[in-house]
Every structure is written in C-alpha cells, then in structure tokens.
Q: 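After the structure tokens below, expect a handful of questions from me.
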There are 2 protein chains.
Amino acid sequence: MNGNLDSEELILLLKEHGLRITPHRIQILEMIIAEGHPTVEEIAKRVPNMSLTTIYNNVKQFVSMNIVKELPFENGMSRYELAKTNNYHVICQSCGLIVDFTFPNLIEVEDLASRLTKYKVHRHIMGIYGICTDCQHTAAR
Amino acid sequence: MNGNLDSEELILLLKEHGLRITPHRIQILEMIIAEGHPTVEEIAKRVPNMSLTTIYNNVKQFVSMNIVKELPFENGMSRYELAKTNNYHVICQSCGLIVDFTFPNLIEVEDLASRLTKYKVHRHIMGIYGICTDCQHTAAR
DNA sequence: TTTAATGCAAAGAATTTGCAAGCAA
DNA sequence: TTGCTTGCAAATTCTTTGCATTAAA
C-alpha cells in the first residue's frame, strides 16, 4: 500500500539525477520515507552524527531536482516527502499529526485554474486543517 | 466583485472579536485588503511609522482569531489575506505574482478527507503553482 | 586524480520576547 | 484610571554561506 523504496531503489533514484551515492543521502531519503513528513530538525534527531548543513544542503538539492516535495507550514517550517507520492494531507491543528489520503482527481482544479488565469500550471499543494481523532477524544473528556 | 470592507466595517470586525480599535489595526487590515496578499514586510513598506513588532503582533492575533488567513510559502515567509475571502491562489514560480480565482466546490474534498481520516475538518488551503502570462511571454522571447 | 560532498563556524533573515511608555475604553 | 497596545532592543529560531577537509567516481 505504501510507496516505500528499498535502498537499491534509492541508489537508482540518485543516479538518475546524476547525484553521487553517499551514505548520508541514502539515510536522509530513508528518513523522509520512514518518518512521514519530517522537518529538517526531525531528520537530524533520527540520524545523529550528521551536520544540519548537510541535511539542509541535500534536502534543498532534492527539492530543486524534484526528488522531494516541500510542504510549507504556517509556523514557517517546512516538511518533506518523496515527490512520487500523490496524496493530500490532513493536519491536526492541536497536535500536528499529519494523515495522508489519496484523492487523484484534482487535476480538474489545475485545468480550471489554468483556463481562468491563463497560467501554465505545473502542480498544486493542498493542506486540510482539522482535529485528529485522538485530540477530539481528549477534548471531549 | 471584490469583498472589500470600508473602515466602518473593519471597526465592527474588530469589535466583534473584542479587540480595541486602533489606527494601526485599521491600517494593517486596510493594507491586507488593498495589497492582495502582502507579507509583513510589504505591509511595513506601505505603512511607514509602524513598528514591525506591531505588525507581527497584530497579524498573529488576527490569525489566531481567524480574522485573517495565513498562506505559508516555500521560502518560509507567509502572506496574509482576510479570512472571509473564499478563493484559491495561483502562484507564478518565476515572478511570484499571485492571481486569485473562485472555485466554491471543494467542500467535497473536506468532506471526503473527514470521512477517510476521521478528522474533524475546519478548513483547507490550496496553492497552485505555474507560470503567469507575462513570464510565459518573456521566456518565449 | 578530479570533482563533489561534508561540516564547522559565522553570517543572515524572519520572528518573538521583555519591558517601558502611550493610548483606548 | 486600567489594562491593552505599541515599539525599541535584544534574544531566538531557522536557514544559508565561506572555506577547509574528506570521500565518491
């Protein structure tokens, strides 16, 4: 059900983009897959002995090459996920938990946007905000 | 066609939320309406003699009270618009121009998200990225 | 060997905080 | 008058940059 890649596939992914294969790059990508939608800080916590600079450098490069997608959040921090995932995010306003769901049809909205505004549209992001089940129960007590 | 408010309506809006009426608050809200989707910096440029702190404080308060919506951008800066506007944004990846368009039907997506994830959904934001007409022409030359 | 990747330290940019002075109610 | 609002200065936080060291190809 999930689109996880093993490390051989990650190596291929890097090679396709002309990037050198380093343990750090593999680890960063593995963390992005394993963690859901980590921030740079969260990646750093799970992968000790790696400089923040390296994480920033690589994540930035991955984003510019469209290997990784950047999800800007309202507190100014960004979260990251693999670019090949094709889903939307529901974010808990109370605890921050992010749950994914798939909804493939919004190309219609891109088309409409393109027609109405004459932009040449490439992509879109959507964040849906609410309260997760746990926080609903906590609040009910 | 636009949902502009005159300053009497802005005063009412502040009173409804129990906020004191100050010239600065009126000016900040007027700028948010007039500018489209300003950053804090852009508000400061148009309203000299107001401290950045005041703009940050008020905008933050407006957001927490849902008077103003925050649109997080990938460079880490946020842009702001009145919360009552009900539209989506197409953002030019080349020059940053934002064009609004109305598309009222996405409550369906909120409903679906709610059903699939059991979140209690409150709102969503969507950003559509592409190239504006001007930049398309510039690139064609 | 050649060039890219790493990481420390320092710089930069956006935002927040502490606190004193000013103004709305 | 009372307490919210304002704003300066300083502190914080997140991110980027310069440059010397290390490692991939």
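Heavy atoms only: backbone and side chains are in, while hydrogens, waters and symmetry mates are out. All chains are named by letter (A, B, ...) in the order of the sequence lines, taking the proteins before the strands, and each is independently numbered beginning at 1.
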Q: Starting at the 5' end of DNA chain C and moving along, which residue's nearest nucleotide shows up first, Q61(A) or Y56(B)?
A: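 This one resolves to Q61(A).
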Q: Hey, which of K60(A), R123(A), K69(A) is the one that makes salt bridge (Lys or Arg N to Asp or Glu O under 4.0 Å) with E74(B)?
A: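 Filter result, single survivor: R123(A).
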Q: When you measure from the side-chain N and O atoms of N57(B) to the phosphate of dC4(D), is any distance below 4.0 Å, counting only OP1 and OP2?
A: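 It does not, given that no N or O in the side chain of N57(B) lies less than 4.0 Å from OP1 or OP2 of dC4(D).
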Q: Heavy atoms under 4.0 Å, any strand shown: does N75(B) hit a base, just sugar-phosphate, or nothing?
A: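 No contact.
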Q: With a cut-off of less than 4.0 Å, is there a side-chain N or O of K60(A) near OP1 or OP2 of dA5(C)?
A: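 Looking at the OP1 and OP2 atoms of dA5(C), neither is under 4.0 Å from any side-chain N or O of K60(A).
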Q: Rounded to whole Å, how long is the line connecting atom CE of M50(A) with atom C1' of dT22(D)?
A: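 Computing the M50(A):CE to dT22(D):C1' distance gives 15 Å.
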Q: Round to a whole Å and report the spacing from OH of Y80(B) to P of dA14(C).
A: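 Going from OH in Y80(B) over to P in dA14(C) covers 12 Å.
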Q: Classify the angle between the aromatic ring planes of Y88(B) and F101(B) as parallel (below 30°), tilted (30 to 60°) or perpendicular (above 60°).
A: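 Plane angle between 30° and 60°, so tilted.
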Q: Between atom CE in M77(B) and atom C1' in dT15(D), what is the gap in whole Å?
A: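 Distance, rounded to whole Å: 13 Å.
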Q: With distance as the sole criterion, is a donor-acceptor pair present between the side chains of H17(A) and N66(A) under 3.5 Å?
A: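 The answer is no; no qualifying pair exists.
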Q: Can you tell me the distance, in whole Å, between the CZ atom of R79(B) and the P atom of dA14(C)?
A: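 Interatomic distance, CZ of R79(B) to P of dA14(C): 12 Å.
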Q: Which listed nucleotide (dT6(C), dC14(D), dA14(C)) is nearest to the side chain of T54(A)?
A: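 The listed nucleotide nearest to T54(A)'s side chain is dT6(C).
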Q: Grab the two heavy atoms, one from C132(A) and one from C92(A), that are nearest each other, plus how far apart they are.
A: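 Closest pair (atom of C132(A), atom of C92(A), distance): N-SG, 3.3 Å.
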Q: What's the separation between atom CD1 in I128(A) and atom NE2 in H122(B), rounded to the nearest 0.5 Å?
A: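 Going from the CD1 atom of I128(A) to the NE2 atom of H122(B) covers 13.0 Å.
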Q: Listed in order of residue number, which residues of residues 14-29 of chain B have a non-hydrogen atom at under 4.0 Å from DNA chain C?
A: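 Contacts with DNA chain C under 4.0 Å: R20(B), I21(B).
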Q: Return the value, rounded to whole Å, for the distance between atom CD of E42(A) and atom P of dT13(D).
A: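 Rounding to the nearest Å, CD of E42(A) and P of dT13(D) are 16 Å apart.
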Q: Using whole Å, report how far CZ of F73(B) lies from P of dT15(D).
A: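 Rounded to whole Å, this separation is 17 Å.
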Q: Can you confirm whether the side chains of D100(A) and H89(A) place a donor and an acceptor under 3.5 Å from each other?
A: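 Side-chain D/A pair, D100(A) to H89(A): present.
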Q: So among E70(B), E42(B), E35(B), which one has a salt bridge (Lys or Arg N to Asp or Glu O under 4.0 Å) with R79(B)?
A: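 Among E70(B), E42(B), E35(B), the one meeting salt bridge (Lys or Arg N to Asp or Glu O under 4.0 Å) with R79(B) is E42(B).
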Q: Find the distance F62(A):CZ to dA4(C):P and express it as a whole number of Å.
A: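 Result: 16 Å.
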Q: Rounded to the nearest angstrom, tell me the gap between atom CD1 in I55(B) and atom P in dA14(C).
A: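 Atom CD1 in I55(B) sits about 13 Å away from atom P in dA14(C).
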